[in-house]
Amino acid sequence: MPFSLLDLSPVPEGFEPADAIRNTLDLARRAENWGYGRFWLAEHHNMPGIASAATAVLIGLVAQATSRMRVGAGGIMLPNHAPLTVAEAFGTLATAFPDRIDLGLGRAPGGDGAVIRALRRDPMADSFPQDVVELLDYLGPERPGAPVRALPGEGTNVPVWILGSSLFGAQLAAHLGLPYAFASHFAPSDMEQAIAIYRDRFRPGPWNDRPHVMIAINVFAADSTEEAQHLRTSMQLAFARLRTGMPGKLPRPVRDLDAEIGPQMRRMVDQALKISAVGDAGQVKDQVQALITQHRPDEVILTGQIHDHDARLRSFEIAAEVMRSL
């Protein structure tokens with residue numbers, strides 16, 4: 001089972017974005033040695049706790065700091081950009097780092113209404129399917145007579161994924177014959193139906209001849225169950241604050257989460273983050289194996305927002321050991 005890592009380059013409370021970027025590069029170097037096949041970063045805007053807003057720039061830094069692992073976007077929010085600019089950026093990355101760059105595409109804005117206005121987006125426009133096709137053309141075979149060409153970019157054939165948390169992305173990925181990554185780490189409700197639709201409706205094409213599904217799993221692993229559960233509270237608290245319109249840096253873990261957010265919010269958060277594996281190595285192995293058995297992905301991507309960098313490293317190290325043992 002191929003396994004990868006999704007890093008949001010978290011900015012913990014008490015630290016700055018420069019620390020987050022250094023931590024991301026450190027994690028990437030170690031992840032390559034631990035056997036992770038991909039290292040993906042995601043586009044978010046106006047988030048004090050996330051340092052990956054300029055996603056293509058950070059992808060370049062990670063690719064430079066590593067040598068074998070694939071590096072990419074999980075994902076680029078395509079409605080925020082002209083397809084040509086994305087093709088040029090990722091074509092440049094693919095030219096500098098051949099056969100190592102991935103491009104996952106999302107339909108969401110990666111921010112709130114103020115972000116949409118700041119990005120000069122038309123909130124009523126929805127040309128995502130057409131923009132994906134245009135982008136595929138720019139990255140595909142050379143087009144000497146085309147009036148507009150992505151240079152560099154043309155002929156790089158950067159692998160393009162469709163990301164999603166709803167049925168729309170599953171249908172689009174199936175129609176275009178592209179691999180599909182489901183955002184089960186924060187929006188699991190439609191996962192089973194989306195995967196079924198994708199596999200049932202998949203149309204082979206120039207990019208892939210068979211469906212390929214990746215699911216995302218939150219992992220909080222430690223040498224004891226209690227410590228793993230404690231580490232997880234940072235992400236639970238951050239998610240609760242985001243849902244109540246108070247995003248901030250990644251909180252320090254707390255001993256009594258219900259006292260911080262209340263039992264009703266706790267239930268909502270735990271439902272959203274239910275695709276998780278929490279505990280020591282044995283417990284994480286059992287939970288990950290159960291998710292793989294139930295959903296039958298072709299690949300998994302692991303993530304986890306942990307305040308302490310050393311604890312985050314240890315969690316992903318344990319997770320890699322677990323994945324290699326499956």
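Heavy atoms from other residues, nucleotides or ligands lying under 6.0 Å from CD of Q130 number more than 12. By the neighbour-count criterion of 12 heavy atoms within 6.0 Å, atom CZ of F97 is densely surrounded, having more than that number from other residues, nucleotides or ligands. Counting non-hydrogen atoms of neighbouring residues, nucleotides and ligands closer than 6.0 angstrom, the CZ atom of R296 reaches no more than 12 such neighbours.
Judged by distance alone, the side chain of H307 and the main-chain N or O of L231 form no donor-acceptor pair under 3.5 Å. With hydrogens and angles ignored, the 3.5 Å screen pairs a side-chain donor or acceptor of S52 with a backbone N or O of A42. In this structure, the side chain of S184 engages the main chain of A216 through a donor-acceptor pair within 3.5 Å. Without hydrogens or angle criteria, E43 side chain to M77 main chain gives a donor-acceptor distance under 3.5 Å. Distance alone, capped at 3.5 Å, places no donor-acceptor pair between the Q305 side chain and the P10 backbone. In this structure, the side chain of T303 engages the main chain of L6 through a donor-acceptor pair within 3.5 Å. D190 places no side-chain N or O within 3.5 Å of a backbone atom of S166 that could act as its donor or acceptor partner. K249 places no side-chain N or O within 3.5 Å of a backbone atom of G14 that could act as its donor or acceptor partner. No donor-acceptor pair under 3.5 Å is formed between the side chain of Y180 and the backbone N or O of A194. With hydrogens and angles disregarded, a donor-acceptor distance shorter than 3.5 Å links the side chain of Q283 to the backbone of D280.
Nearest approach of P251 to L237, heavy atoms of both residues: CB-CD2, 3.6 Å. Scanning all heavy atoms of the two residues, the minimum distance from P253 to S234 falls at N-OG, 3.2 Å. Taking each heavy atom of L93 and A56 in turn, the nearest pair found is CD1-O, 3.9 Å. Closest approach of D298 and P211 over heavy atoms only: OD2-O, 3.8 Å. Closest approach of L139 and A87 over heavy atoms only: CD2-O, 3.7 Å. Minimum heavy-atom separation, G91 to T156: O-CG2, 4.0 Å.
Residue L103 is not grouped with residue L163 when hydrophobic side chains (ILVMFWY) are merged at heavy-atom distances under 4.5 angstrom, including chains of intermediate members. Hydrophobic clustering (side-chain heavy atoms under 4.5 Å, transitive across Ile, Leu, Val, Met, Phe, Trp, Tyr) groups I275 together with L326. Under the 4.5 Å side-chain contact rule for hydrophobic residues, L105 and L176 share a cluster. L172 and V213 fall within the same hydrophobic cluster, where Ile, Leu, Val, Met, Phe, Trp and Tyr residues are linked whenever their side-chain heavy atoms come under 4.5 Å apart, directly or through other members. The hydrophobic cluster containing I292 does not contain F220, counting ILVMFWY residues as joined when their side-chain heavy atoms lie under 4.5 angstrom apart, directly or transitively.
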Exercise for review: Please test L27 against Y36 for side-chain contact (heavy atoms from CB on, under 4.5 Å), starting from the C-alpha separation and ending with a verdict.
Suggested key: CA-CA 11 Å; L27 175 60; Y36 286 90; over 6 Å; no
Original post:
Checking side-chain contact (heavy atoms from CB on, under 4.5 Å) for the pair R232/S276: CA distance, chi angles, key distance, verdict?
Top reply: CA-CA 10 Å; R232 186 190 186 196; S276 298; 3.9 Å; yes
Worksheet item: side-chain contact (heavy atoms from CB on, under 4.5 Å) between S315 and V219: does it pass, once the steps are laid out?
Response: CA-CA 7 Å; S315 179; V219 173; 4.1 Å; yes
Note to self: Between T66 and R100, does the side-chain hydrogen bond (donor to acceptor under 3.5 Å, both in side chains) criterion hold? Intermediate values first, please.
What the structure shows: CA-CA 10 Å; T66 54; R100 292 187 58 210; 2.6 Å; yes
Using the salt bridge (charged side-chain N to carboxylate O under 4.0 Å, His left out) rule, take R68 and D99 through it: C-alpha gap first, then chi angles, then the decisive distance, then the call.
-> CA-CA 9 Å; R68 305 179 306 279; D99 300 319; over 6 Å; no
- Step by step, work out the side-chain contact (heavy atoms from CB on, under 4.5 Å) result for L313 and W34. CA-CA 11 Å; L313 293 176; W34 292 332; 4.2 Å; yes
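Between the CD atom in Q229 and the CD atom in E227 there is a gap of 10.5 Å [rounded to 0.5 Å]. Residue L178 holds its CG atom at 11.5 Å from CZ of R203, rounded to the nearest 0.5 Å. For the atom pair S9 OG and L250 CG, the distance stands at 11.5 Å (nearest 0.5 Å). Note: D200 CG to Q171 CD = 11.0 Å, rounded to the nearest 0.5 Å. Atoms CZ and CG, on F186 and L273 in that order, are 10.0 Å from each other to the nearest 0.5 Å. Note that CG of L41 is 7.0 Å distant from OG1 of T55, once rounded to the nearest 0.5 Å.
Residues L291 and Q287 form no side-chain contact, since every pair of their non-hydrogen atoms from C-beta on lies 4.5 Å or further apart. Two residues are said to be in side-chain contact when any heavy atoms from C-beta on lie closer than 4.5 Å; D26 and H309 meet this criterion. Inter-residue side-chain proximity for Y138 and L84 is flagged as met; some heavy-atom pair is nearer than 4.5 Å. The shortest distance between side-chain heavy atoms of P297 and E299 does not fall below 4.5 Å. Two residues are said to be in side-chain contact when any heavy atoms from C-beta on lie closer than 4.5 Å; I50 and V11 fail this criterion. Side-chain contact between L135 and F90: absent, with no pair of heavy atoms (C-beta onward) separated by less than 4.5 Å. The shortest distance between side-chain heavy atoms of N218 and H185 falls below 4.5 Å. With a 4.5 Å cut-off on side-chain heavy atoms, P159 and R70 count as touching.
Side chain to side chain, D102 and W161 fail the donor-acceptor criterion of an N or O pair below 3.5 Å. When only modelled atom types and interatomic distance are considered, T293 and Q289 share a side-chain donor-acceptor pair under 3.5 Å. With 3.5 Å as the limit, one finds no donor-acceptor pair spanning the side chains of Q236 and E260. Side-chain contact annotation: R201 with H175, donor-acceptor N/O pair under 3.5 Å absent.
Using a 4.0 Å cut-off between charged nitrogen and carboxylate oxygen, D223 and R314 count as a salt-bridge pair. Ion pairing between E154 and R149 holds under the 4.0 Å rule for side-chain N and carboxylate O. Looking at E13 and R241, a side-chain N of the basic residue comes within less than 4.0 Å of a carboxylate O on the acidic one, giving a salt bridge. Between D270 and R266 there is a salt bridge, since at least one side-chain N of the basic residue sits less than 4.0 Å from a carboxylate O of the acidic one. With respect to R38 and E32, no salt bridge is recorded, no charged nitrogen being found less than 4.0 Å from a carboxylate O.
A cation-pi arrangement, defined by a distance under 6.0 Å to the six-membered ring centre and an angle within 45 degrees of its axis, is absent between R30 and F316.
The side-chain contact (heavy atoms from CB on, under 4.5 Å) with F39 is formed by just one residue from the set I301, I59, T24; it is T24.
Taking the six-membered ring where tryptophan is involved, the planes of F168 and F128 are tilted, since the angle between them lies from 30° to 60°.
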